[in-house]
Amino acid sequence: MSTGAEQPQQLVDHLFRHEAGKMIAVLTRVFGITNLELVEDTVQETFLKALQVWRYGQLPDNPSAWLMRVARNRTIDLIRRQQKLANLSDELSQRLQASTENAVDQFFLDTEIADSQLRMIFACCHPALNPEDQVALTLKTVSGFGVQEIARALLSTESAIQKRIYRAREFIKSETILFEIPVGRELSVRLEVVYTVLYLLFNEGYNSLKADELIRHDLCAEAMRLCKLLTEHRLGAEPSAFALLSLMCFQASRFASRIGEDNTIILLQKQDRNKWDHELIRLGYRYLNLSSTGDRLSVYHIESAIAAEHCLAPDFGSTNWSALLQLYDYLLERKPSPVVRLNRSIVVAQLEGVHAAIDLILDIPGIKVLLEQHYIYPAVLGDLYGRAGNCNESRRLLQRAFHLTSSLAEKKLLQEKLQALS
Amino acid sequence: MKDFLFIFRGPAYEDLNLTPEESQAAMQKWYEWIGELSAKDRYVGGEPLHKAGKMVHGSKPVVTDGPFAEGKELLGGYFIIKAESLEEAAQLALGYPDFKINGSVEVREIMKIPMPA
């Protein structure tokens with residue numbers, strides 16, 4: 001019988017999620033990636049055991065090690081059961097058992113755990129999977145999220161997420177994807193996909209104003225945790241990975257100050273910069289420094305430098321717009337996308353005035369369609385027309401944006417701008 | 001102070017299909033409850049019970065698996081706590097974290113049989 005603790009015992013936040021990811025990765029090394037269901041069942045059993053025992057006041061000194069030990073024992077049990085079916089002599093059975101334990105224990109070494117987690121990230125980010133499936137599978141398999149939590153985070157339904165995960169798993173099974181870290185050229189190709197998935201994950205959390213605050217925060221934190229994991233592995237510690245991590249730190253530093261009470265958007269120029277998380281900004285610079293090796297400038301380097309530029313300015317007025325324009329020019333060379341052009345034009349508006357910015361936006365290839373389909377284009381252009389004194393055009397565009405967005409927070413902001421016009 | 005037994009009945013956690021995050025949250029509530037009871041010096045101890053069991057019954061006793069006809073009513077474990085009275089013990093049982101998942105607590109005083117003088 002246990003004695004009660006003096007103080008309520010506290011587990012590290014998200015310990016179970018993180019341990020789930022670790023255990024799934026390690027057990028996949030043992031049972032193979034085609035047996036993901038067996039692996040997940042084993043992990044589930046491990047948690048049930050913890051739940052059963054720990055609930056009665058017997059929290060172990062090292063919960064993480066306890067979980068790993070239970071998973072390891074269960075694994076050896078399962079293998080032993082398989083070996084029993086093989087009709088072997090007692091002598092051979094015993095020898096096999098000893099070497100099995102030895103081999104399994106190797107997988108549970110810390111360095112091997114990190115290695116397995118990286119393999120799992122690479123498997124979930126297989127280039128043949130579509131990005132939606134990559135994100136869902138990563139959250140389920142690497143991050144230990146439940147289907148319902150993923151649905152909440154990605155603003156989808158449980159059945160849709162269920163389908164994505166099923167589809168991805170079937171693909172992994174049928175193609176027998178190797179559970180390995182690719183080498184050479186294939187490694188750098190795969191790393192690019194991993195960056196994209198992590199960045200997507202982060203942005204889902206950072207930008208979606210419809211999901212609830214808690215799950216958005218979890219999503220950003222998870223993307224950062226995985227990116228950090230990547231930078232801590234000798235094969236993942238690429239300059240681009242550090243750049244991406246620093247970008248996430250800079251963005252996340254503004255997480256709390258972007259949204260006011262009653263879920264309203266606070267624009268950059270109106271944010272209380274004292275509320276920015278300065279520890280995260282410091283980390284952002286640290287990782288940006290670590291990213292400045294090698295001879296390749298990735299888009300993450302540039303985007304991080306842009307984010308850093310904003311963090312550097314003590315107030316909106318002292319933003320170094322010409323440095324930003326230079327950075328946007330670099331970015332545009334590597335990523336000539338409409339949204340980069342749009343953001344660049346906002347910088348141009350500060351430097352050369354709104355008319356120059358309006359011309360640039362109207363020159364974006366395919367702008368007619370974009371203005372009809374994505375709220376951000378009419379929202380930005382409408383705002384610029386308003387500043388230029390063209391109230392009619394401004395009103396038309398802002399109303400268009402209002403209808404295009406389904407986010408209440410964005411609708412509210414647009415409503416305020418519309419009212420300011422009249 | 002008297003000793004009381006809390007007997008917990010409810011669904012087996014394995015049937016609830018909890019995510020890691022939900023498992024952790026469920027566990028955290030139990031710690032907090034035990035923490036509260038301990039802080040008031042009311043918690044003596046507790047243990048979970050294995051799900052598997054046997055029933056031995058009948059006038060010509062037979063041994064059967066069970067008694068798990070009703071999975072929801074599974075006896076999951078017990079606490080021994082201290083309290084001044086049955087009323088106080090029942091008050092303390094209100095902290096049980098699993099009411100929401102249809103769990104229940106039976107509160108019983110442990111009888112102390114005095115030695116005859």
Side-chain angles (χ1 to χ4, degrees), chain A residues 1-24 40-41 43-60 63-64 66-67 139-153 158 161 214-215 218 221-222, chain B residues 3-53 74-83 92 95-98 101 103 105 110:
Chain A
M1 193 171 291
S2 71
T3 52
E6 295 298 311
Q7 292 291 319
Q9 292 160 300
Q10 191 82 36
L11 288 174
V12 178
D13 275 352
H14 309 309
L15 176 83
F16 275 25
R17 261 189 199 158
H18 299 169
E19 292 303 316
K22 270 195 205 169
M23 286 192 275
I24 288 173
E40 290 194 334
D41 287 348
V43 171
Q44 181 82 354
E45 281 169 34
T46 304
F47 283 127
L48 280 169
K49 184 142 192 204
L51 205 55
Q52 206 173 41
V53 179
W54 298 3
R55 238 173 351 129
Y56 287 81
Q58 298 168 312
L59 187 65
S64 167
W66 190 100
L67 287 169
L139 283 174
K140 179 82 171 68
T141 315
V142 183
S143 307
F145 278 51
V147 170
Q148 199 204 355
E149 291 154 0
I150 300 174
R152 262 201 309 145
E158 279 181 57
I161 297 296
L214 216 59
I215 196 82
D218 279 7
E222 186 55 23
Chain B
D3 282 349
F4 291 85
L5 195 62
F6 282 180
I7 302 157
F8 305 125
R9 286 195 181 81
Y13 271 56
E14 61 213 76
D15 297 331
L16 298 177
N17 226 336
L18 300 179
T19 68
E21 191 78 352
E22 289 165 344
S23 302
Q24 185 168 343
M27 194 137 58
Q28 194 58 49
K29 285 189 199 147
W30 278 78
Y31 289 151
E32 279 158 20
W33 187 34
I34 293 177
E36 269 171 44
L37 293 172
S38 304
K40 294 184 200 150
D41 217 11
R42 292 297 193 261
Y43 184 75
V44 179
E47 277 168 318
L49 299 179
H50 279 293
K51 192 179 177 184
L74 195 70
L75 183 55
Y78 69 90
F79 276 3
I80 293 174
I81 63 121
K82 284 186 181 304
L92 294 173
Y96 171 68
D98 289 353
I101 50 171
V105 189
I110 297 172

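Chain naming here is simple, since letters A, B, ... match the order of the sequence lines and numbering starts at 1 in each.
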Counting only heavy atoms closer than 4.5 Å, note whether [X] contacts chain B via side chain, backbone, both or neither.
X	value
A:Gln52	both
A:Leu48	side chain
A:Glu19	neither

Largest heavy-atom contact set with chain B, pairs under 4.5 Å, which of A:Glu149, A:Glu45, A:Gln44, A:His18: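 Most pairs with chain B among the choices: A:Glu149.
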
Could you state the interatomic distance from [atom1] ([X]) to [atom2] ([Y]), rounded to the nearest 0.5 Å?
X	Y	atom1	atom2	value
A:Phe16	B:Glu22	CZ	CD	12.5 Å
B:Gln24	A:Asp13	CD	CG	7.0 Å
B:Trp33	A:Arg55	CH2	CZ	10.5 Å

Heavy-atom closest contact (A:Ala50 atom, B:Met27 atom, distance):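 In terms of heavy atoms, the two residues are closest at O-SD, 3.8 Å.
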
How close do A:Leu51 and B:Ala26 get, heavy atom to heavy atom, and via which atoms?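 Minimum heavy-atom contact is CD1-CB, 4.5 Å.
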
Flag yes if more than 12 heavy atoms outside B:Asp41 fall under 6.0 Å of its CG atom; otherwise flag no.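 Count not over threshold, so no.
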
Should the pair A:Tyr56 and B:Phe8 be assigned to parallel (<30°), tilted (30 to 60°) or perpendicular (>60°) ring geometry?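 Correct class here is tilted.
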
Could you tell me if A:Gln148 and B:Thr19 have a donor-acceptor pair between their side chains, going purely by distance under 3.5 Å?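 B:Thr19 vs A:Gln148: no donor-acceptor pair found between side chains.
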
Side chain / backbone / both / neither for B:Leu18 at chain A, heavy atoms under 4.5 Å: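 It is both, since atoms from each part get that close.
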
Please classify the contact between B:Asn17 and chain A as side chain, backbone, both or neither, with a heavy-atom cut-off of under 4.5 Å.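 Contact with chain A involves both backbone and side-chain atoms of B:Asn17.
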
